[in-house]
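What follows is a short report on a single structure.
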Number of protein chains: 2
Amino acid sequence: MVRRTKEEAEKTREALLDAAEFVFLEKGVANASLEDIARSAGVTRGAVYWHFENKLALFDAMHERVKLPMDELFERAMHDGDSFTALKEVCITVMRHLAEDARAKRVFTILLLKCEETCPAQSNVERQQQKRDKVIQRFEKIFTAAHQDGKLGPDTSPQTAAIALHATICGVLNDYVRNPEVLDIATLGPQLIEIFFRGISA
Amino acid sequence: MVRRTKEEAEKTREALLDAAEFVFLEKGVANASLEDIARSAGVTRGAVYWHFENKLALFDAMHERVKLPMDELFERAMHDGDSFTALKEVCITVMRHLAEDARAKRVFTILLLKCEETCPAQSNVERQQQKRDKVIQRFEKIFTAAHQDGKLGPDTSPQTAAIALHATICGVLNDYVRNPEVLDIATLGPQLIEIFFRGISA
DNA sequence: CTTTACAAGCATACACGAATGTATGTAACC
DNA sequence: GGTTACATACATTCGTGTATGCTTGTAAAG
C-alpha cells in the first residue's frame with residue numbers, strides 16, 4: 001500500500017522512527033536489521049531507504065527526536081537561576097521528566113544499554129562528551145558562587161562538587177534504566193539529590 | 001606456525017583473550033569479527049574455533065578472567081567487617097583497584113560501553129542483576145546496623161541509603177570509563193564517597 | 001631406543017545465510 | 001507527464017560454522 005500525500009509520507013517516517021525505538025530496544029542496535037524495523041512499521045525496506053540514507057541516519061534521526069536528560073539538565077541549569085535550591089529542583093525535575101516521557105526513556109535506554117560506542121570519532125560519542133563538559137562547567141559556576149557565599153563545605157572544591165553531582169545523577173539514571181520496575185526514580189531520585197547536597201553543604 | 005606443546009597452546013588461548021579485549025574495545029563487540037581477533041593474536045580463525053565454541057564463549061571466557069568492581073564490592077563488603085568506616089574503605093579500595101588493574105578496566109569498559117545487552121534472558125545480564133541485588137542487600141544490612149546505632153540521618157532509611165550508595169558508585173565508575181584521562185578516580189572517588197557518607201550521616 | 005600410531009593444535013578451504021545497497025518497477029498525486 | 005512514495009528484485013559483501021589438511025608432540029609397542 002503506497003502512502004500518497006505528503007502527510008501520509010510523514011506518518012510513515014514517524015512510524016519508522018517509532019519502530020526503530022522498539023526494535024533497537026528489544027534486539028540491540030547492531031543486531032537489529034532494517035528489515036526488522038520496516039516490518040515492525042508495516043512497510044518494506046524500500047520505505048526505509050527512501051526516508052533515511054542508512055541505519056546510522058535512522059539512528060541519528062531517532063536520537064534527535066527527543067530531548068535527553070543531559071540536554072535538559074544543561075538548558076534548565078542555564079535559565080532557572082543560580083541558587084543552590086534551584087539547582088536541586090532542576091535535577092529532580094529532569095529525573096522526573098525521564099520517568100514520564102516514555103519516548104525519551106526508550107531512547108535514553110537504547111543509548112545506555114543497547115548501543116555500542118564504536119570509534120571515538122563517531123559524532124554521537126563526541127556530542128555526548130561535549131554535553132557532559134558543558135553541564136559540568138555549568139555546575140561548577142553555580143558551586144563557585146555557593147562557595148563564595150560560604151554554603152559549601154570547607155573540604156569540597158566547586159570543581160569536585162560539579163563532577164560529583166554529575167556522577168551522582170548519571171548513577172541514578174543508569175540504575176533506573178537497568179531496573180525501571182524496581183528503582184522508582186520519582187521518589188528515590190529526590191532523596192539521593194537531597195543526600196548529595198547535604199553532603200557538600202557547610 | 002603450529003603451537004606444539006600444551007603450554008604453547010595455553011599461550012595461544014591467552015593471546016586470543018588478550019586480543020579480544022583490545023579488539024572489542026576498539027570496534028565494539030558486535031562489530032568485531034573473529035577474523036579481527038585471530039589476526040590481532042597472530043593466528044587464524046582455526047585457532048579461535050579450536051579454543052572456543054563461538055564468539056559468545058570467547059566473550060564469556062574473557063569476562064570470567066577478571067574480577068569486576070561489583071564482584072569485589074560484594075566480597076569485601078562481606079568479609080571486611082560491618083562498620084561504617086570499613087564500608088567506606090571498601091568502596092575506595094574497589095575504585096582504586098579498577099584504576100590499577102588494566103585488564104579489569106578494559107573488560108569493565110567493554111561491558112559498559114562496547115557491548116549491547118540483547119535479550120534479557122542472556123546469562124550475562126541476569127548475573128549482572130543478581131550481583132547488583134546482592135550488593136545492595138549487603139549494603140542494606142550494614143546500614144540497618146548503623147541506623148540502630150543512631151549513625152544514620154533521621155530521614156534516610158537503610159534501604160534508600162543502600163540503593164543510593166550503589167547508584168553513587170555506579171555513577172563514578174560510569175563517568176570514569178567514559179573519560180579516564182579527565183576523571184582521576186584515585187582522588188575523586190574517595191572524595192565522592194566522603195560526600196555521600198556525610199550526606200547520610202546523622 | 002627406535003618405530004609407529006594417534007591425537008593435539010592449529011591453518012586452509014568451502015558452503016551458507018543474512019544483511020546491505022542499489023536498481024528497477026509501479027501506482028497515485030499534482 | 002513527471003515526480004513522489006514506496007514495493008520488489010537483484011547483486012554483492014561479510015561473517016560464521018564446518019570440514020578437511022597438515023604438522024608435530026607423545027605414548028605405547030616392539
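- Contact between the side-chain N/O atoms of B/T12 and the OP1/OP2 oxygens of C/dG9 is not found at any separation under 4.0 Å.
- Within the 4.5 Å cutoff, the side chain of A/M62 has no heavy atoms near those of the A/L58 side chain.
- Taking atom CG of A/L16 as the reference point, atom C1' of D/dA7 lies 13 Å away to the nearest angstrom.
- To the nearest angstrom, P of C/dT22 lies 9 Å from CD of A/E53.
- Here the side chains of B/L192 and A/T168 are in contact, with some heavy-atom distance below 4.5 Å.
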Give me, pair by pair, the N or O atoms of the protein and of nucleotides 4-6 of chain C that are less than 3.5 Å apart, along with how far apart they are.
none

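- Among residue pairs with one or both ends in residues 43-61 of chain B, none qualify as side chain to side chain donor-acceptor pair (under 3.5 Å); sequence neighbours excluded.
- If you measure from atom CG of B/L58 to atom P of D/dT16, you get 11 Å, rounded to the nearest angstrom.
- Residue A/A47 places its side chain closer to D/dA7 than to any other of D/dA7, D/dA5, C/dG9.
- Between A/L87 atom CG and A/I92 atom CD1 the span is 10.0 Å, to the nearest 0.5 Å.
- You'll find the side chain of B/V107 stays beyond 4.5 Å of the side chain of B/R65, heavy atoms only.
- Residue A/H51 places at least one side-chain N or O under 4.0 Å from the OP1 or OP2 atom of D/dC6.
- For the pair A/R132 and A/M70, the minimum side-chain heavy-atom distance is 4.5 Å or more.
- Residues B/E7 and A/V48 each lie close to DNA chain D; by heavy-atom proximity, the contact nearer the 5' end of the strand is made by A/V48.
- Atom-to-atom, CD of B/E8 to P of D/dT23 comes out at 17 Å; the value is rounded to the nearest Å.
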>> Please determine whether ring pair (Phe, Tyr, Trp, His ring centres under 6.0 Å) holds for the pair B/F84 and B/F197, giving the CA-CA distance in whole Å, both sets of side-chain angles, and the decisive distance to 0.1 Å.
In response: CA-CA 9 Å; B/F84 226 68; B/F197 275 91; 5.3 Å; yes
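- Side-chain contact check for B/K141 versus B/P158: every heavy-atom pair is 4.5 Å or farther apart.
- Atom pair A/L56:CG and C/dG21:P shows a separation of 10 Å (rounding to whole Å applied).
- The shortest distance between side-chain heavy atoms of A/Q191 and A/E194 does not fall below 4.5 Å.
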Distances for protein N/O vs nucleotides 16-20 of chain C N/O pairs under 3.5 angstrom?
residue	atom	partner	partner atom	Å
C/dT20	OP2	A/L34	N	3.4

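- An OP1 or OP2 oxygen of D/dC6 is reached within less than 4.0 angstrom by no side-chain nitrogen or oxygen of A/W50.
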